[in-house]
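All remarks here apply to the structure that follows.
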Amino acid sequence: MFNKSEVFVMEMNFKSIILDNKIDMAFLNDLLNKPLPFTPSEKLFWDDPHISKGMLEAHLNPDIDLASRKPETIEKTVKNLIDSMNLKPGDKILDLGCGPGLYCKHFSQLGFKVTGLDYSKRSIEYAKKDALIKALDIEYKYMNYLDMEYLNEFNAIILIFGDLCVLSNKDRDLLLKKIHKALKPDGYFAFDVSTRIHRSKYGIKNRWHISDGGFWRPGLHMVLENGFDYPKENIYLDQYIVIEESGKVSVYRNWFQDYSLEVIVDVLNNCEFKLKTVLSDLTGKSYEKNSEWMGIIAHTI
Ligand SMILES: C[S@@+](CC[C@H](N)C(=O)[O-])C[C@H]1O[C@@H](n2cnc3c(N)ncnc32)[C@H](O)[C@@H]1O
């Protein structure tokens, strides 16, 4: 649901569906129209006080690949990344969108100097407490990675679970340039993106439900879930319209752009990266043409 789609999700201005004691059908109808790709948001989704609670539970649930992948996948990924990026203990690693620090913890236990950035306050607080309990020296920062300003600092940077896919082309290129700047001259960048096969397997959602306390809200609410496909651009949108008893409406948009190998190589080259390795995922599985994901290792030189 929210995993693969690292999210540019958004909450629009508070608005009610009740107008002059009637349901504002025109407003509701507008919400169901297909928006332009990456229509900007008002509020960031991962940091919402209620939603981030369910999100943290999803990160920490070892049985599902939802907000984070399962623990055995994470361990395999860490091992493969160390090999693929020629990393040695003492090297500096930056984890962008680190969530509760599930990858940072492993890298730190293996002797790497780790920094994790995330803009979910709740996840960063959890990660900090966990590092304290395990006596790990990890630097965690609560921030938007689009605002980072590092220069020649890291041997490797990782961005895991489709997080590049949620960015508009403009933000994606901005982030890639910042990552390039943050890396040492001989640095590596590892990330994963989904392919169009992924969406064709899971399809577009169109459904609704009513819940008395759930993922989106603590009280009674209705969720209209609708999906939009933009096949020419390889983009899709999962949209969640949340309506509370009071009539208050919030719209959360989860944008996702799929990539082909040709396009992602082009994007990397435009931002001065060279493709080093392409895999079916970051655990090290060999690349196949019809795989749902691509695990990419890029190099600064
Ligand atoms: C799908 S989760 C993946 C978390 C982690 N990489 C993992 O695989 O376990 C995406 C994470 O990125 C964070 N995130 C999304 N956009 C971000 C941004 N612009 N700046 C910082 N963190 C961001 C979210 O809060 C969330 O923790």
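Whatever order the structure lists ligands and atoms in, that order sets their numbers, starting from 1.
- Between Leu96, Leu60, Asn144, it is Asn144 that holds the heavy atom closest to atom 19 (N) of ligand 1.
- Numbered from 1 in the order shown, with element, the atoms of ligand 1 that lie under 4.0 Å from a heavy atom of Gly99 read 27 (O).
- When only interatomic distances are considered, the shortest N/O to N/O separation between Arg69 and ligand 1 does not fall below 3.5 Å.
- Shown in contact with Ser68 at under 4.0 Å from a heavy atom are these atoms of ligand 1, numbered in order with element: 7 (C), 9 (O).
- A cation-pi arrangement is absent between Arg199 and Trp293, since the terminal nitrogen or guanidinium carbon is not both under 6.0 Å from the aromatic centre and inside a 45° cone about the axis.
- Arg217 and Ser250 share a donor-acceptor pair across their side chains, judged by distance under 3.5 Å alone.
- Proximity of the aromatic rings of Phe154 and Tyr150 is defined here by a centroid distance below 6.0 angstrom, and this criterion is met.
- Numbered from 1 in the order shown, with element, the atoms of ligand 1 that lie under 4.0 Å from a heavy atom of Gly97 read 4 (C), 5 (C), 6 (N), 11 (C), 12 (O), 13 (C), 22 (N).
- Applying the ring pair (Phe, Tyr, Trp, His ring centres under 6.0 Å) criterion to Phe191, with sequence neighbours excluded, gives Phe189.
- Between Asp95 and ligand 1, no N or O atom pair is found at a separation short of 3.5 Å.
- Transitive grouping of hydrophobic side chains (ILVMFWY, heavy atoms separated by less than 4.5 Å) keeps Ile82 and Leu279 in distinct clusters.
- Lys170 forms no cation-pi arrangement with Phe38, by the criterion of a distance under 6.0 Å to the ring centre and an angle within 45° of the ring axis.
- When only interatomic distances are considered, the shortest N/O to N/O separation between Tyr145 and ligand 1 falls below 3.5 Å.
- With a 6.0 Å cutoff to the six-membered ring centre and a 45° limit on the axis angle, Lys15 counts as a cation-pi contact of Phe27.
- One option in Ala67, Ser52, Gly101, Cys104 has a heavy atom closer to atom 3 (C) of ligand 1 than any other, and that option is Ala67.
- Not a single heavy atom of Leu146 sits under 4.0 Å from any atom of ligand 1.
- Less than 4.0 angstrom separates some heavy atom of Phe161 from each of these atoms of ligand 1: 8 (O).
- Contacts of Tyr119 with ligand 1, taken as heavy-atom pairs under 4.0 Å, involve both backbone and side chain.
- Cation-pi geometry between Lys128 and Tyr140 is not satisfied (NZ or CZ under 6.0 Å from the ring centre, within 45° of the ring normal).
- In this view, His299 and Tyr188 satisfy the ring pair (Phe, Tyr, Trp, His ring centres under 6.0 Å) rule, not counting sequence neighbours.
- At least one heavy atom of His59 sits less than 4.0 Å from an atom of ligand 1.
- At a heavy-atom distance under 4.0 Å, only side-chain atoms of Asp163, from C-beta outward, approach ligand 1.
- Remark: ligand 1 atoms within the under-4.0 Å shell around heavy atoms of Met143 are 20 (N), 21 (C).
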